[in-house]
Amino acid sequence: MRADRALRLHLAMHVPFNLAADLDAALKRAATVASIADASAFSPEVRTAEARHGDFQANGVLGHAKARKLNPRALAEQIVGAIDPALGENYVVSIAGPGFINFALKPAALLAWLRTFDSAALLRAGAAAARAEQTWVVDYSSPNTAKQMHVGHLRSAVIGEAICRLLAFTGARVIRDNHLGDWGTQFGKLIFAYKRWVDPQALATDAIEELERLYKRGNDATPDGSPELEEARRELVKLQNGDPESVALWQKFSDVSLAAFQEIYDRLGIAFDHCLGESFYRDQVDRVYRELAETKLAEVSDGALVVFHPEHPRFKTQPFLVRKADGASNYASTDLATALYRTDHFKADGIVVVTDFRQADHFEQLFLTVGKWFTATARRQPELHHVTFGAVTGEDGKALKTRSGDVIKLKALLDEAVERAFALVTEKNPDLTESERRDIARIVGVGAVQYADLSQNRSSNYVFSWDKMLALDGNTAPYLLYAVARIHSIFRRAGAVPGDPSIESGATPPETPEEITLARRLTKFPDAIRLASETLRPHHLGLYLFELAGDYSSFNSADKVLVDDPAIRARRMMLCARTLLILETGLTLLGLRTLTRM
RNA sequence: GCGAAUGUAGCACAAUGGAUAGUGUAGUGGCCUCCGAAGCCAUUGAUCCGGGUUCGACUCCCGGCAUUCGCACCA
């Protein structure tokens, strides 16, 4: 056993995890060896190729030659001639078209890669170099307290969690921070309403529902200019001044809300490290005002403290309002304090905020301000990313508003998804026990909802539709999970454990077209991870997994796994085991749960 | 008014400046005596309009058109 592990470690040192990155480095070395013009500036630009051109292609020769008035084909030949001969053992190298360099993995090289990366730990070890030693804070979900989570809250939670898992897989220490909307003017109205109309019975049975009712009633009862609004404002002042009764009520609202949110998070597989909402920063904004004033970044305009950015076409006149004229803070104040806390306290190298695109101006102004502020005060500069997505709209194209009455609660959405999945699994697999079918329905239903958001990149608006969100055909969670279940089924039938080295030991290199296509796809996993994590766009991984599942299905239809020939059986078992490993690893990275039968 | 995002087959989406723009769904035609047909194979069909940059543009730049959103004390 120990010898076997040592052998695999040895192999891992000699078989690169990310083949594209390895080829890129090899071509740079070759360019130096060949002494091409400006070799140090040569960027090979190796990327995954379309299958008909091989496995990887280098596009960089064209640009390099063009810029220096060289013949691109001749330059390509020069570089290819200087490639380390050892590379030729693994790839068929060719020059095509105006000067593309193509690399096609030989079957033996495919086998070596598949043999080497045979566990989740090795995949993780291969990917973890990208962000080793880095700390990233991810700010996502971030609902307002005293209201239920509705369909509009889904995207931030689902996309944010997938980004957390991708960052962690690529080596980062990830801090999940739920930046709750738990402070502000709405609490004056809520306390006002609570004191008059709370229904203790309702509060005991469904607290968040009752708080939401009270908030709506409080809002309706306090129109502009009314004495009731004045009363609500007095309640807010009492809360802000630390009146014990008010603070106790506010704390109760927060506790009730968090408990309700947690039920949703549990179903989505989300566990926050911190829930540092706006209230957490209420004592930290004075320092922000002081520093922005001292560094002359902020000025007083119409009584408010604002920041302008003279170099920016729009923000030279559109102010970033960091303190209201009445002296109160707003979300710019607390977001600035939040950026400071994440940088100073968490030592963040990167901060990711996941919200809908309507807040793009705010975050652009925030990041510009933070950059100048931290420069002026000689602080570290974390990478700042605003990850946006389109708003959820109704069929009419209008945004679903919180107060419009017909919002869809997240709890109801998940329930409906699970019910639909249950009906489907019952139809497809009536022999399973009800308990098994319930378990499967939870994974398939919730996964379908999660994957609906993760399978597309769109920053355009998301038109809400039950049918679209819960679709079970095509590039969807059920299709991916079905592939997983079928692979498990083969191992059950064979009485074998996926990944057991003894069933793969006699494996020969892939031979049939379907085996080769599948094996080639498996080696592209590192590139999919790289792309998804660098761009903070999980759909790149989702699309890869869908293509992998498709290649597996074709293989599964064309090539029988449990055949008598031991070499063929071993290599097909290995292909099944690796497909399973990468599908399960990838789906987990997207935040989905997987299953063994469905 | 200023600004941003989006615009790809009937519908829904993909394409990190690269080679003949990929997929799903719907349509059409095949495949269950065969490890799970929630599947596989084949096939029809598209870059909003007009310029420009580039060896090469869905992608970058300029000008339109359409949809959605933002723009001083909500978050």
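As the structure is a prediction and not an experimental result, all values here were calculated from the model.
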Roughly, in whole Å, what's the span from [atom1] in [X] to [atom2] in [N]?
X: A:Leu62; N: B:rA57; atom1: CG; atom2: C1'; value: 15 Å
X: A:Phe464; N: B:rA12; atom1: CZ; atom2: P; value: 16 Å
X: A:His540; N: B:rA15; atom1: NE2; atom2: P; value: 5 Å
X: A:Gln318; N: B:rG1; atom1: CD; atom2: C1'; value: 13 Å
X: A:Phe363; N: B:rC69; atom1: CZ; atom2: C1'; value: 16 Å
X: A:Ile487; N: B:rG36; atom1: CD1; atom2: P; value: 12 Å
X: A:Leu454; N: B:rA12; atom1: CG; atom2: P; value: 20 Å
X: A:Phe315; N: B:rA72; atom1: CZ; atom2: C1'; value: 14 Å

Students often get this wrong, so: under 4.0 angstrom with heavy atoms, is [X] touching a base, only sugar-phosphate, or nothing?
X: A:Thr535; answer: nothing
X: A:Leu543; answer: sugar-phosphate
X: A:Asp356; answer: nothing
X: A:Ala304; answer: base
X: A:Val463; answer: nothing
X: A:Leu481; answer: nothing
X: A:Ser489; answer: base
X: A:Ala96; answer: base
X: A:Val425; answer: base
X: A:Pro319; answer: base
X: A:Asn102; answer: base
X: A:Asn556; answer: base
X: A:Asn59; answer: base
X: A:Arg493; answer: sugar-phosphate

Would you say [X] places a side-chain N or O within less than 4.0 Å of OP1 or OP2 belonging to [N]?
X: A:Lys324; N: B:rC74; result: yes
X: A:Lys560; N: B:rC35; result: no
X: A:Tyr479; N: B:rC40; result: yes
X: A:Arg486; N: B:rA37; result: yes
X: A:Ser554; N: B:rC41; result: yes
X: A:Arg52; N: B:rA19; result: no

TODO: Between A:Gly474 and A:Arg458, just flag the one whose closest nucleotide in RNA chain B comes earlier from the 5' side.
DONE: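 So the residue in question is A:Arg458.
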Ring centroids only, cut at 6.0 angstrom: are [X] and [Y] within range, meaning strictly under it?
X: A:Phe555; Y: A:Tyr552; value: yes
X: A:Tyr140; Y: A:His179; value: no
X: A:Phe315; Y: A:Phe320; value: no

Task: Among A:Arg438, A:Arg442, A:Arg437, salt bridge (charged side-chain N to carboxylate O under 4.0 Å, His left out) partner for A:Glu419 - done: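 Result for salt bridge (charged side-chain N to carboxylate O under 4.0 Å, His left out) with A:Glu419: A:Arg438.
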Measure distances between side-chain N and O atoms of [X] and base N and O atoms of [N], and say whether any donor-acceptor pair falls under 3.5 Å.
X: A:Asp467; N: B:rA12; value: no
X: A:Gln57; N: B:rA19; value: yes
X: A:Thr476; N: B:rA38; value: no

In the strands shown, is [N] matched to any nucleotide by a Watson-Crick or G-U wobble pair with both distances under 3.5 Å, and which?
N: B:rU67; result: B:rA5
N: B:rC11; result: B:rG24
N: B:rA46; result: none
N: B:rA38; result: none

TODO: Name the orientation of the base relative to the sugar in B:rC32: syn if the glycosidic angle is within 90° of 0, else anti.
DONE: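 Judged by the O4'-C1' to base torsion, B:rC32 sits in syn, the angle falling within 90° of 0.
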Measure from the side-chain heavy atoms of [X] and tell me the nearest of [options].
X: A:Asp302; options: B:rG18, B:rA72, B:rC69; result: B:rA72
X: A:Arg358; options: B:rG18, B:rC69, B:rA72; result: B:rC69
X: A:Ser553; options: B:rA72, B:rC40, B:rG18; result: B:rC40

- [ ] Could you say whether the aromatic ring of A:His539 and the base of B:rA14 stack, counting only centre distances under 5.5 Å and plane angles under 30°?
- [x]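 No.
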Open item on the list: Applying the 5.5 Å / 30° rule, does A:Tyr482 stack onto the base of B:rG36?
Closed with: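 It does not: the two rings, one from A:Tyr482 and one from B:rG36, miss the stacking criterion.
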- [ ] State whether the number of non-hydrogen atoms from other residues, nucleotides or ligands found under 6.0 Å of A:Lys468 atom NZ is greater than 12.
- [x]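 Correct, the count exceeds 12.
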- [ ] Name the orientation class of the two ring planes belonging to A:Phe367 and A:His386 (parallel below 30°, tilted from 30 to 60°, perpendicular beyond 60°).
- [x]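 Perpendicular, since the angle between the ring planes exceeds 60°.
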- [ ] Test A:Lys560 against A:Glu515 for salt bridge (Lys or Arg N to Asp or Glu O under 4.0 Å), laying out the working first.
- [x] CA-CA 11 Å; A:Lys560 188 172 168 65; A:Glu515 289 171 352; over 6 Å; no
Task: Residues A:Asp527 and A:Arg47 bridged, charged N to O under 4.0 Å - done: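 No, no charged N to carboxylate O under 4.0 Å.
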